[in-house]
S.K.: 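So that we are looking at the same thing, I have put the structure below in structure tokens.
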Amino acid sequence: MTAPNPATPADNGSDDDQRDLSRKRDREAFKPTRHAHRNQPDGTTPEPETDGINDHVRTHRDHYLDGERLARLGEFQKLTALAGAYRDAVARTELQVEERSYVASYDDLFRLNLRSIVADFGIKTNESDAALVNRAHDAHRLTTNHHTWLAPLRDGAVTMRHARALLRYAGNVPDDRLDEYTRKVLDYARTATVSQTDTYARKLAADLAAPEFEEAFEHEYAKRRVTIDDHDFGMSTIHIDVPTVQGHAIVDLADQQARALHTEHETEAEEHRERVRAAAATGTDLSPEDAEFVEDTRTLRQLQTDLMVDTLLTATPQAIVDSPTAGAARVTATVSVVIPVMNLIDPDAPREVATVDGMNPCSMTEAREIAAGAPCFQRILTDPITGHVLTVDTRKPTIEMRRFLQVRDQTCVFPGCRRAAHRSELDHITPWAAGGKTSVDNQAHLCRQHHILKHQRPWRYRHLGNGVFEWESPLGEIFITRADPVGPQRPVFRPADGLGENSAYDPTTDPAPF
């Protein structure tokens with residue numbers, strides 16, 4: 001150890017204090033670039049780190065997984081306890097009804113008994129009895145109507161958050177298809193995040209109840225309205241009930257406009273700073289415009305909100321400008337509406353649910369109206385067995401690739417990410433600078449954050465075919481990701497005339513077979 005400087009006072013602090021001061025000086029001296037390079041010169045992913053920290057990461061990861069297993073076991077124990085409390089409330093209510101007559105109805109008496117029972121739980125855990133009553137109802141539904149979930153919940157294969165996604169849409173499923181819904185959501189949830197499971201369960205429930213879905217849509221659409229909730233400090237929240245297609249189009253349009261404006265503001269601010277630096281270096285005065293320049297520091301979310309408010313307050317509705325057409329559509333946002341072709345050709349065909357971006361169910365009636373006014377169509381050929389996308393017909397090859405990959409991937413392909421593909425970036429799996437081809441097999445969508453992560457950290461992945469990807473983490477763990485099927489998952493047969501024994505359908509060159 002270096003001898004202490006005799007001129008340094010003895011109470012300057014410990015070695016730890018000195019190291020903290022040194023780190024602070026290093027941080028203050030560090031000048032990061034505005035846009036850091038996202039990858040190595042040849043575009044390849046870095047090699048795994050050899051700094052020894054991965055041993056600590058693995059230990060902390062294992063501790064986290066141990067805690068997660070205990071938490072899942074605890075959630076299962078609470079589930080069974082609340083389901084038991086529900087049964088106790090039923091038994092007590094039936095006994096009370098037999099012993100004496102009550103002015104209150106059976107349902108009111110049951111709710112009172114259930115609240116009384118779970119209130120004792122909540123006092124000891126600082127939980128409200130109202131929340132526990134709701135969870136007891138969910139526990140009863142799960143153990144009664146979806147009992148096949150109990151063993152996976154007990155073993156930790158799925159979580160109660162997955163189960164709540166199941167229950168959220170189970171009420172929309174016909175009784176004769178409830179077992180199918182339960183089984184499919186469970187199979188999906190075993191390898192999916194809660195958000196992914198919620199999206200899948202919502203779409204599956206709508207698919208299994210397509211006629212009921214259309215009827216429910218018409219009922220809900222008739223109740224559309226605008227409401228406002230006033231909050232503290234002069235703020236309010238506006239709620240607008242709109243069809244899903246319109247809602248996604250509105251949000252996407254505002255997002256595009258906000259991003260364009262945000263980029264413009266950043267460019268203006270950077271150019272102003274350069275002029276200020278140049279004036280300071282030469283000793284000249286700033287122009288009146290530069291002297292009065294104020295940087296717009298609004299975030300993307302703030303810009304999006306302000307743009308929507310400006311539009312609502314300043315734009316004249318199309319219905320007023322062009323009243324004979326009763327408000328012709330003028331939306332130019334990017335929204336993909338996936339419509340089963342038989343429902344587009346024949347309105348009397350068995351109903352299937354149309355979707356926005358392949359994920360969110362929307363009304364077939366609304367989808368057909370949009371299709372009637374569409375200037376062109378893109379035919380999406382799906383595998384007749386799995387429902388996965390094979391090809392998309394378009395005119396220009398580069399656009400064809402982008403459309404094909406958007407429909408194939410649907411979202412960022414990083415494990416668990418739900419960022420929509422049209423808001424993500426196309427990544428060369430094997431980088432172009434390292435000899436990778438620009439082909440559908442060597443490209444996939446990654447959101448900006450995961451795109452940077454893949455290039456700047458040793459996260460590797462490869463395409464196994466048909467939109468299935470194998471990821472390898474910096475610790476060597478393997479994860480498989482795959483997009484949800486877009487098309488109907490049922491056999492569809494087509495003539496094989498003219499195809500020899502060794503012939504195969506090429507989705508990138510052959511026309512769609514319909």
Side-chain angles (χ1 to χ4, degrees), residues 43-45 184 187-188 190-193 196 199-200 336 338 357-359 378-394 397-422 424-432 434-447 450-451 453-455 459-473 476-494 496 499-514:
T44 56
T45 298
K184 287 186 174 180
D187 291 342
Y188 185 89
R190 291 178 185 272
T191 57
T193 65
Q196 290 172 322
T199 300
Y200 177 81
S336 298
V338 181
D357 294 332
M359 292 187 293
Q378 293 177 345
R379 293 183 296 173
I380 302 173
L381 174 63
T382 62
D383 187 288
I385 304 300
T386 66
H388 285 291
V389 171
L390 296 178
T391 189
V392 177
D393 287 346
T394 52
T398 54
I399 300 297
E400 175 179 308
M401 284 185 180
R402 289 185 175 276
R403 287 295 188 186
F404 178 91
L405 292 169
Q406 278 188 9
V407 179
R408 184 198 70 184
D409 296 344
Q410 299 185 45
T411 65
C412 167
V413 302
F414 189 85
C417 185
R418 300 299 293 168
R419 183 75 172 179
H422 73 271
S424 301
E425 303 171 351
L426 272 179
D427 171 57
H428 283 73
I429 301 172
T430 299
W432 171 265
K437 296 181 179 180
T438 303
S439 65
V440 293
D441 288 331
N442 189 48
Q443 292 184 102
H445 284 90
L446 294 176
C447 68
H450 291 134
H451 200 170
L453 184 69
K454 178 252 183 179
H455 282 294
W459 281 89
R460 307 172 187 276
Y461 75 116
R462 62 191 182 103
H463 185 204
L464 303 181
N466 295 324
V468 180
F469 298 91
E470 179 185 87
W471 283 86
E472 181 180 356
S473 75
E477 303 286 346
I478 300 298
F479 306 94
I480 301 296
T481 66
R482 53 173 56 85
D484 295 335
V486 173
Q489 298 185 57
R490 55 177 64 89
V492 178
F493 302 97
R494 65 182 182 88
L499 291 179
E501 182 178 348
N502 297 324
S503 298
Y505 179 78
D506 186 350
T508 61
T509 58
D510 293 343
F514 55 81

S.K.: Taking all atoms of both residues into account, what is the closest heavy-atom pair of Cys417 and Cys447, and its distance?
M.R.: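 Smallest interatomic distance, heavy atoms only, reads SG-SG, 3.9 Å.
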S.K.: Is there side-chain contact between Val413 and Trp471, with at least one heavy-atom pair below 4.5 Å?
M.R.: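 A side-chain contact exists here, since the closest heavy-atom pair is under 4.5 Å.
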S.K.: Going by the rule side-chain contact (heavy atoms from CB on, under 4.5 Å), which residues pair with Ser439 if we only count those two or more places apart in sequence or in a different chain?
M.R.: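 In terms of side-chain contact (heavy atoms from CB on, under 4.5 Å), with neighbours along the sequence ignored, Ser439 is linked to Lys437, Asp441, Asn442.
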S.K.: How would you list, by chain and number, every residue that makes a salt bridge (charged side-chain N to carboxylate O under 4.0 Å, His left out) with Arg419, sequence neighbours excluded?
M.R.: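 So Arg419 forms no salt bridge (charged side-chain N to carboxylate O under 4.0 Å, His left out) with any residue.
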S.K.: Kindly assign one of parallel, tilted or perpendicular to the pair Phe414 and His450, based on the angle between their ring planes and the thresholds 30° and 60°.
M.R.: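 Aromatic pair Phe414/His450 classed parallel.
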S.K.: Enter the distance from Tyr461:OH to Ile478:CD1 here, rounded to the nearest 0.5 Å.
M.R.: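 Going from the OH atom of Tyr461 to the CD1 atom of Ile478 covers 14.5 Å.
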S.K.: Would you call the rings of Phe469 and His463 parallel, tilted or perpendicular if under 30° counts as parallel and over 60° as perpendicular?
M.R.: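 Because their plane-to-plane angle is under 30°, the rings of Phe469 and His463 count as parallel.
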S.K.: Please round to the nearest 0.5 Å and tell me the distance separating atom CD of Gln410 and atom CZ of Arg482.
M.R.: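 CZ of Arg482 is found 13.0 Å from CD of Gln410.
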S.K.: Check whether the side chains of Asp427 and His455 place a donor and an acceptor atom closer than 3.5 Å, and report yes or no.
M.R.: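 A donor-acceptor contact under 3.5 Å links the two side chains.
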S.K.: Run the side-chain contact (heavy atoms from CB on, under 4.5 Å) check on Leu446 and Trp459 step by step: do they pass?
M.R.: CA-CA 12 Å; Leu446 294 176; Trp459 281 89; over 6 Å; no
S.K.: Locate the shortest heavy-atom distance separating Ala483 from Asp409; write the atom from each residue and the value.
M.R.: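 Closest approach of Ala483 to Asp409, heavy atoms only: CB-O, 3.6 Å.
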S.K.: Nearest heavy-atom pair of Leu426 and Arg402: which atoms, and what distance?
M.R.: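 Nearest heavy atoms, Leu426 then Arg402: CD1-NH1, 3.7 Å.
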S.K.: Can you name the nearest heavy-atom pair linking His445 to Ala421, along with the distance?
M.R.: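 Taking every non-hydrogen atom into account, CD2-O, 3.2 Å.
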S.K.: Is the closest side-chain heavy-atom distance between Gln443 and His428 below 4.5 Å?
M.R.: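 They are in contact (side-chain heavy atoms under 4.5 Å apart), so the answer is yes.
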S.K.: Under 4.0 Å between a Lys/Arg side-chain N and an Asp/Glu carboxylate O for Glu470 and Arg462?
M.R.: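 Salt bridge present between Glu470 and Arg462.
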